[in-house]
Amino acid sequence: MIGVGIDVSKLKSTICILNEYGEVLQTPYEISHTETDLKELSKSIKGHGGKNDVRVVMEATGAYSRPILYYLLDEDIFVSEINPLAMKKYRADINFRGVKNDRIDAMAIAQYTVEKWNRLKEYQRADNEYAAMKALSRQYLSYMKPHVILTQNLDHLIDQVMPGIKEEFDGYDPVTGRDRLADFLEEFRHYDYITSLGPKKFEERFHKWARKKGYHPRQNKPNKIYSLAKEGIPTLAYDPTSRLLVEQAVAALKGLNQVLYQILTQIRELAEKRPEYEAVRAMSGVGDVLAPLLVAEVGDPRRYHSGDALIACIGIDVPPYDSGQFKASERKITRKGSKQLRKLGYLLVKNLRKIKPTKDTAVYDYYLKKKSEGKKDKQAIVAAMNKFFRIYYARSMEAYRS
């Protein structure tokens, strides 16, 4: 048994090779993530034996580890990725002084490889479409944070230049990529500007704007908006500064809206090709936004051996804890898994609470049941999420079998 430990960093890695007796066959050394260095590494690993004799282990470090991981897999070398938390705990057991550098870490990973030889699982590369969907999904979810900030910023400006106008227009629709409120503010930036036009001219300008944008507003909409403008009290004067503030806030938000729309459209196009998409889309609370994101984040359901495995990977499982006569009755979820899926599950339950479904009500009924048992709202939500993902797994696997 030959264990190869790789401590991955940005653009470089530290390598250490041990045999089954813990003897150092190759003292820790650094390589760059270049074709030349990786070719030499592959040659060195294969020089110690075949795939059944040599195993490589590295921590899962996302984009940093992908170049070396994929290169070694293409060379038909056994590679296993381990959770950084598991490796951290292992290092703490063998290095109680807490000394840490790349050389020591590489040696610890190589030692882990030899000790845990029979428990190592070879890394299985995801289907290209699933990998692409997941990359897009992570990008989409990361852009949602600045989107919330930009939306709040525009809301704050609206309250100062056009108080009350938000109730008259829908905001951003992720399915169509349109934002009626932002479109309106792009044309009419202040109540004083609207009143300066007069009711008749504003009505003409409003209908012209609506036709240009492809909207079909109610007939009395211009009159209602003009009345709001007359009665409203802006706290920012209608001047070049306020116009610039609104113009830039709208432009920034609309630009990000378009980015989110394009990413979500691409995820949906890929997700629709997967067997489980229709089954997931048909579930209560799952719409045109959550469905592709769920398919992207869960990935290929066949890589989970059971619904319990999926729950554990999301981090909403509650592991048992007992010893002797003691048995814990109150336990928290692990939270050691995909925070993205936890977020999507939370949004799903919020949707169910809002729409109160009358069909396919298993998840919603389970939420209500937990509430009726006296559970706190967060506990009931987590229980409903657990129920949802178990049903998700069952229906996805059924789609693959059919």
Side-chain angles (χ1 to χ4, degrees), residues 85 137-138 140-153 155-156 166-167 170-175 260 264 279-299 301 304 306-322 326-396:
L85 179 60
S137 174
R138 293 298 166 88
Y140 183 89
L141 293 173
S142 68
Y143 282 143
M144 285 304 298
K145 296 176 183 178
H147 187 267
V148 171
I149 294 172
L150 291 176
T151 301
Q152 291 174 338
N153 176 59
D155 286 350
H156 181 64
K166 287 186 292 186
E167 285 70 26
D170 296 330
Y172 173 61
D173 181 355
V175 177
L260 289 171
L264 186 62
V280 174
R281 177 64 185 83
M283 296 175 72
S284 290
V286 179
D288 290 325
V289 177
L290 279 182
L293 292 175
L294 284 167
V295 171
E297 288 295 332
V298 172
Y304 305 101
S306 66
D308 287 339
L310 174 58
I311 297 300
C313 285
I314 298 171
I316 54 175
D317 57 321
V318 182
Y321 188 84
D322 58 73
F326 173 77
K327 186 173 183 179
S329 58
E330 293 290 335
R331 295 280 287 157
K332 295 182 179 180
I333 60 173
T334 64
R335 291 183 181 273
K336 295 174 182 176
S338 171
K339 63 180 180 181
Q340 290 81 9
L341 279 173
R342 290 199 296 274
K343 180 177 181 179
L344 295 177
Y346 177 77
L347 292 174
L348 180 279
V349 178
K350 282 186 67 177
N351 286 348
L352 290 175
R353 292 195 303 185
K354 183 178 180 180
I355 64 176
K356 297 179 174 59
T358 56
K359 295 181 179 180
D360 191 21
T361 62
V363 177
Y364 183 61
D365 289 344
Y366 196 67
Y367 167 79
L368 294 178
K369 177 185 175 184
K370 291 300 174 182
K371 289 286 288 182
S372 67
E373 291 173 356
K375 299 291 186 183
K376 296 178 182 178
D377 193 54
K378 284 186 178 180
Q379 292 175 320
I381 289 174
V382 171
M385 288 165 56
N386 199 303
K387 182 79 170 179
F388 169 77
F389 282 110
R390 290 181 189 279
I391 296 173
Y392 178 105
Y393 176 78
R395 294 186 183 179
S396 296

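Any value given below was found using the heavy atoms of this structure, including those in side chains, with hydrogens, waters and symmetry copies removed.
Note on residues 347-362: pairs passing salt bridge (charged side-chain N to carboxylate O under 4.0 Å, His left out), not counting sequence neighbours, are R353-D377, D360-R395.
A 4.5 Å side-chain heavy-atom check between L352 and S284 finds at least one atom pair inside the cut-off. Contact of the E297 side chain with the L141 side chain is registered, since non-hydrogen atoms from C-beta on lie closer than 4.5 Å. Taking the side chain as every heavy atom from C-beta outward, L294 and F388 approach each other to under 4.5 Å. The closest side-chain heavy-atom distance from Y392 to L348 is not below 4.5 Å. A 4.5 Å side-chain heavy-atom check between V289 and Y140 finds at least one atom pair inside the cut-off. A 4.5 Å side-chain heavy-atom check between V349 and Y367 finds at least one atom pair inside the cut-off. Proximity of I355 to Y364: side-chain heavy atoms (C-beta onward) are nowhere separated by under 4.5 Å.
The distance from the OH atom of Y393 to the CG atom of D308 is 9.5 Å, given to the nearest 0.5 Å. Atom CD1 of I311 sits about 4.0 Å away from atom CG of N386, to the nearest 0.5 Å. Remark: Y172 OH to L260 CG distance equals 5.0 Å, nearest 0.5 Å. To the nearest 0.5 Å, the span separating CG on L347 from NZ on K343 amounts to 6.5 Å. The distance from the CG atom of D365 to the NZ atom of K370 is 13.0 Å, given to the nearest 0.5 Å. With rounding to the nearest 0.5 angstrom, the CD1 atom of I391 is 11.5 Å from the OG atom of S396.
With hydrogens and angles ignored, the 3.5 Å screen pairs a side-chain donor or acceptor of S338 with a backbone N or O of L341. Side chain of T151 to backbone of H147: a donor-acceptor contact under 3.5 angstrom is found. Side chain of R342 to backbone of I314: a donor-acceptor contact under 3.5 angstrom is found. A side-chain donor-acceptor contact under 3.5 Å links Q379 to the backbone of K376. Side-chain atoms of Y304 come within 3.5 Å of backbone atoms of V298 as a donor-acceptor pair (strictly under, hydrogens ignored).
Contact record, S372 with K369: OG-O, 2.6 Å, taken as the closest heavy-atom pair. Between N351 and G285, the shortest heavy-atom distance links the atoms ND2-O, 3.2 Å. Closest of all the heavy-atom pairs between L264 and P292 is CD1-CG, 4.0 Å. Summarising the geometry of K375 relative to A380, their closest heavy-atom pair is CB-N, 4.4 Å, with the distance given to 0.1 Å. Nearest heavy atoms, R390 versus G307: NH1-C, 4.2 Å.
Taking a 6.0 Å sphere around NZ of K166, one finds it holds more than 12 heavy atoms contributed by other residues, nucleotides or ligands.
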